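For ligands, and for the atoms within them, numbers begin at 1 and follow the listed sequence. Heads up: numbering here begins at 1 and tracks the sequence. All figures in this text were calculated on a predicted structure; none of them were measured in a lab.
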Amino acid sequence: MGQAEPATESSWQTPPTPGWPALRGLMPANVRIGSAVDGKLLATDEQYRSELAAQFNAVTAENAMKWVNLEPSPGVYDWSESDQVVKFAQANGQAVYGHTLLWHSSVPAWVSESWPRERIRELLRQHITTVVSRYRGKIWAWDVVNEVLAEDGSLRDSLWLRKLGPGYIADAFRWAHEADPDARLFINDYGTEGRGRKANGLLRLVRELRMAGVPVHGVGFQSHLRWDRAPEDATGNLRRFAALGVSVAITELDVRIQLPVDAEKLLDQALLYQHMLKACLAVSTCESVTLWGFTDTSSWISSHYPGFGAACVFDSDIRPKPAHEALVQELTSRRGTPPG
Ligand code: G3I
């Protein structure tokens, strides 16, 4: 990809790329199509910006809004990259999905487990309040808590659970709601997109939180998938969450392929992308499908899964792959069909 000069505000209003259809123009009105945003490419690569603007009507900062990046030293916030994402979105008519206020990972190294419980609780309250307040009215939805479950569906052993006990989840939602009462508040996890122990645990947790009056509005299903394995009954699984009265969303969809890539694997990948889109569109309260990056250039997969790659719907030259075509076909065939 060509490296352009850093963006100026006037260059952010980018025209749609000619040559292939834009997903955002094909989505039903009540469902958003989003992508995670790589802050470095956003700042330096015109082709990346242009396709991001053309294809998607929602964006999620892939890393910029994580605590470790926002508050590198105590009380000193660096909003530069997260502000860029929000400005880009505003200039291009995109909603912003905020990721994430609380996670066991990406906690700044200066936060110490040796601190007393009340100090840690107050620190967390302040962090959530500061971040949500800064973007009040500008963020459509927040991942309030990310990956709080263990594989067996119990609560994950984390700094937050050890120091604060299970009530930290309800507290996080209440603090976020106080700071921006209009933001949609999500609980987000991986490995829960199909039926299974972890999804059962998530269902129990969301039910309990809702019964306790905690402002949980939605459940995010990350959907980091392999090309050769579909989740177990994704549609039925989303539906049982929707039956609790919450929205659902596919929040981090990608489909990694074991290298080398071949035409058959790309077709399987395309079918899996299409399958997850269908699952969302089959549920009337599914609010969005977000891809975890749209180009193979910037995907996290190669650094985290050796031997795997090519997980996105555009290749590393930002040319559409069969997966993009499958999404376009699915959406085109549904135009005029009422949602699910
Ligand atoms: O930007 C720095 C760079 O300056 C430095 O030289 C380099 C050295 O390691 O690190 C770079 O930062 C990396 C960053 O990605 C940007 O590439 C971090 O080390 C690396 O940890 C970080 O990984 C991210 C990961 O979350 C951990 O925060 C991935 O990009 C991101 O895709 C991934 O996203 C997560 C979601 O937040 C939650 N769900 C799972 C998903 C995939 O793991």
Looking at [atom], tell me if a protein heavy atom falls under 4.0 Å from it.
{"atom": "atom 11 (C) of ligand 1", "value": "no"}
{"atom": "atom 15 (O) of ligand 1", "value": "yes"}
{"atom": "atom 18 (C) of ligand 1", "value": "no"}
{"atom": "atom 26 (O) of ligand 1", "value": "yes"}
{"atom": "atom 7 (C) of ligand 1", "value": "no"}
{"atom": "atom 40 (C) of ligand 1", "value": "yes"}

Using a strict 4.0 Å cut-off to heavy atoms of N146, name the atoms of ligand 1 that fall inside it.
38 (C)
Side-chain donor or acceptor of [X] paired with backbone N/O of [Y] under 3.5 Å:
{"X": "K163", "Y": "P116", "answer": "no"}
{"X": "S50", "Y": "E46", "answer": "no"}
{"X": "N146", "Y": "L102", "answer": "no"}
{"X": "K265", "Y": "Q258", "answer": "yes"}

Sub-3.5 Å N/O-N/O distance, [X] and ligand 1:
{"X": "H99", "result": "yes"}
{"X": "S105", "result": "no"}
{"X": "E147", "result": "yes"}
{"X": "E252", "result": "yes"}

Nearest non-hydrogen contact to atom 22 (C) of ligand 1 from the set N188, D38, N69, N63 belongs to N63
The option among Q222, K66, K40, E62 carrying the non-hydrogen atom nearest to atom 35 (C) of ligand 1 is K66
Which part of Y190 is near ligand 1, with near meaning a heavy atom under 4.0 Å away: side chain, backbone, both or neither?
neither
Say whether S106 and ligand 1 are in contact under the criterion: heavy-atom distance to a ligand atom below 4.0 Å.
yes
Assess whether a salt bridge exists between E232 and R195, defined as any Lys/Arg side-chain N lying under 4.0 Å from an Asp/Glu carboxylate O.
no
Looking at R204 and E208, is any side-chain nitrogen of the basic one under 4.0 Å from a carboxylate oxygen of the acidic one?
no
Any ring pair (Phe, Tyr, Trp, His ring centres under 6.0 Å) involving residues 52-86? Give me the pairs, sequence neighbours left out, ordered by first then second residue.
F56-F294, W67-H127, W67-W160, Y77-W79, W79-Y135
Of F241, Y190, W292, the residue whose pairing with F221 passes ring pair (Phe, Tyr, Trp, His ring centres under 6.0 Å)
F241
Looking at W140, is R32 sitting on its ring face, NZ or CZ under 6.0 Å from the six-membered ring centre and within 45 degrees of the normal?
yes
Salt bridge (Lys or Arg N to Asp or Glu O under 4.0 Å) contacts touching residues 294-316 (sequence neighbours left out)
D296-K321
